[in-house]
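Report on the following structure.
Throughout, numbering of the chain's residues begins at 1 and tracks the sequence.
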Amino acid sequence: MKSINLLLAWLAVAPLAVSAQQYRVKSIAWEKVEITEQWTGMASPHAVKTIETYKGKVDSVMSPPLGLSRIAMSAGRPESLLGNWAADVMVEGSTATGLEPADMGLVNVGGLRNNMPEGIVRAGDIYLISPFQNKLVVLEMAGSDLLQLMEDIAAVGGEAVSSSVRMVITSDGRLKKATINGEEIDRKRIYTVATLDYLAEGNDKMHALRKARKRHEIDLYTRDIMIESVIKNKIIDSKIENRITINDL
């Protein structure tokens, strides 16, 4: 709700009536800003009053505790605490297809939009981390295409991958080595990848995922899978395991 307050406060003073023909976009720049208590005093009174109408119902869904996190987690490249946790949860959720756990989990770092707090984890925290309507899919891929996927991951400097994966990449985005469960990838074998439907379409430069031989749909949002994982495990944790390392030698 803090992010909504901030957005509405900005909209209340934005010059919305100005003709777009008077301006041309010369450049675009952005940075990630964490929404914390420092922004509380910036909300407009009108925005606060409007949101109060809905706050009770929203809080009843978002505020109840789901479980605990041993540490705070954030997302980043080439590897991160939140990315590791999220990718492992995709593998955990992949069994909803009736298949064995996927060989690999993959989540795009850009899709993890907030940090996991240390201590109590609430539904609202997960909605902030995974706010989009993405659903989990399991893809069957030939090893040759999986190697291309590893190259795609290396090219962007790393993405969130599950504990089964080990990759060595260079700082300029080249893949040096990749293994699944400690073994080199067999070009002829079929592997399963649990990921977001958004990535399965080849978005975020994950082009190789479009080559999947078969796609298993799961009618579950990724954030709901995350929520269920916190509830089931009660206490969640993560650590850096050198899943993706950079080596230019």
Side-chain angles (χ1 to χ4, degrees), residues 75 77-80 82-112 134-222 225-226 229 238-249:
R77 293 184 169 92
E79 180 182 359
S80 65
L82 183 58
N84 286 0
W85 177 79
D88 287 344
V89 169
M90 296 302 103
V91 173
E92 185 181 319
S94 68
T95 56
T97 58
L99 302 173
E100 293 295 314
D103 295 307
M104 172 183 173
L106 172 66
V107 176
N108 55 322
V109 172
L112 299 171
N134 294 319
K135 291 187 176 182
L136 179 64
V137 297
V138 176
L139 306 176
E140 294 185 19
M141 301 184 67
S144 56
D145 296 327
L146 186 65
L147 279 169
Q148 184 183 333
L149 174 61
M150 298 300 190
E151 291 174 355
D152 291 343
I153 294 170
V156 298
E159 293 286 15
V161 295
S162 60
S163 61
S164 57
V165 178
R166 292 295 183 272
M167 297 175 60
V168 180
I169 66 176
T170 63
S171 57
D172 61 352
R174 291 179 292 111
L175 177 67
K176 295 185 69 175
K177 183 178 180 180
T179 62
I180 297 288
N181 291 318
E183 299 181 354
E184 291 188 8
I185 296 171
D186 183 344
R187 288 180 173 273
K188 296 182 179 180
R189 179 186 157 187
I190 299 298
Y191 293 85
T192 51
V193 180
T195 190
L196 290 63
D197 53 2
Y198 171 76
L199 294 184
E201 302 297 334
N203 292 310
D204 266 15
K205 301 182 180 180
M206 298 295 103
H207 310 297
L209 291 177
R210 291 199 299 261
K211 296 185 177 182
R213 305 290 181 88
K214 191 172 183 180
R215 174 168 167 159
H216 300 271
E217 304 284 348
I218 302 175
D219 192 23
L220 293 170
Y221 292 119
T222 54
I225 292 171
M226 292 177 180
S229 180
S238 183
K239 59 182 178 180
I240 299 299
E241 300 177 322
N242 294 321
R243 299 181 186 187
I244 302 179
T245 57
I246 297 176
N247 188 338
D248 290 321
L249 298 178

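Using a distance-only test at 3.5 Å, with no hydrogens or angles considered, a donor-acceptor pair links the side chain of D186 to the main chain of K188. No donor-acceptor pair under 3.5 Å is formed between the side chain of S162 and the backbone N or O of D88. Under a 3.5 Å cut-off, the side chain of N203 and the backbone N or O of Y198 do form a donor-acceptor pair. Judged purely by atom type and a 3.5 angstrom limit, D152 uses its side chain to pair as donor or acceptor with the backbone of H207.
I169 is not listed as a side-chain neighbour of K177, based on a closest heavy-atom distance of 4.5 Å or more. Inter-residue side-chain proximity for P101 and E92 is flagged as unmet; no heavy-atom pair is nearer than 4.5 Å. L196 places a side-chain heavy atom less than 4.5 Å from the side chain of V107. In this structure the side chain of T195 never reaches within 4.5 angstrom of the side chain of M90, judged on heavy atoms. Residues V89 and I225 are in side-chain contact: their nearest non-hydrogen atoms beyond the backbone lie under 4.5 Å apart. By the 4.5 Å heavy-atom criterion applied to side chains, M141 and R213 are not counted as neighbours. Inter-residue side-chain proximity for L149 and L106 is flagged as met; some heavy-atom pair is nearer than 4.5 Å. For the pair I180 and L146, the minimum side-chain heavy-atom distance is below 4.5 Å.
Residues A87 and V161 share a closest heavy-atom pair of CB-C, 3.3 Å. The two residues I240 and N84 come nearest to each other via the heavy atoms CA-ND2, 4.1 Å. Here the closest heavy-atom approach between residue G83 and residue A160 is recorded as O-CB, 3.3 Å. Residues V91 and A102 come closest through the heavy atom pair CG1-O, 3.6 Å. Across V137 and A200, no two heavy atoms sit closer than the pair CG2-CB, 3.8 Å.
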Stepwise side chain to side chain contact (heavy atoms under 4.5 Å, CB included) test for L136 and I218: CA-CA 6 Å; L136 179 64; I218 302 175; 3.7 Å; yes
Pair T179-I185, side chain to side chain contact (heavy atoms under 4.5 Å, CB included): steps then yes or no: CA-CA 6 Å; T179 62; I185 296 171; 5.9 Å; no
D204 and L199: side chain to side chain contact (heavy atoms under 4.5 Å, CB included), yes or no, with the steps? CA-CA 7 Å; D204 266 15; L199 294 184; 3.8 Å; yes
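The pair D103-R189 meets the salt-bridge criterion, with a side-chain N (NZ, NE, NH1 or NH2) lying under 4.0 Å from an Asp/Glu carboxylate O. Note on K239 versus E79: no salt bridge recorded, every NZ/NE/NH1/NH2 to OD/OE distance being 4.0 Å or above.
Under a cut-off of 6.0 angstrom, the local environment of NZ in K135 is crowded, with over 12 non-hydrogen atoms contributed by other residues, nucleotides or ligands. Few gaps surround CG on N247; more than 12 heavy atoms of other groups in view lie less than 6.0 Å from it. Atom NZ of K176 has more than 12 neighbouring heavy atoms from other residues, nucleotides or ligands inside a 6.0 Å radius. Counted within 6.0 Å of CD on E217, heavy atoms from surrounding residues, nucleotides or ligands total more than 12; the atom is thus considered enclosed.
The CE atom of M150 lies 12.5 Å from the CD atom of Q148; values are rounded to the nearest 0.5 Å. Put simply, CG on L209 and CG on D197 are 11.5 Å apart, with the number rounded to the nearest 0.5 Å. Taking NE2 of H216 as the start and OG of S94 as the end, the distance is 10.5 Å to the nearest 0.5 Å. Here the straight-line distance linking atom OG of S80 with atom CD1 of I244 works out to 9.0 Å at 0.5 Å rounding. Within the model, atoms CZ of R210 and CG of D145 stand 11.5 Å from one another, a figure rounded to the nearest 0.5 Å. The OH atom of Y191 sits 8.0 Å away from atom CG of L147, with the distance rounded to the nearest 0.5 Å.
Residues passing the side chain to side chain contact (heavy atoms under 4.5 Å, CB included) test with V109, sequence neighbours excluded: A75, R77, E159. By the salt bridge (charged side-chain N to carboxylate O under 4.0 Å, His left out) test, R174 is found to be paired with D172, residues two or more places apart in sequence or in another chain being considered.
Under 3.5 Å, the side chains of E140 and T192 contain no donor-acceptor pair of N or O atoms. Residues S171 and D248 bring a donor and an acceptor atom of their side chains to less than 3.5 Å of each other.
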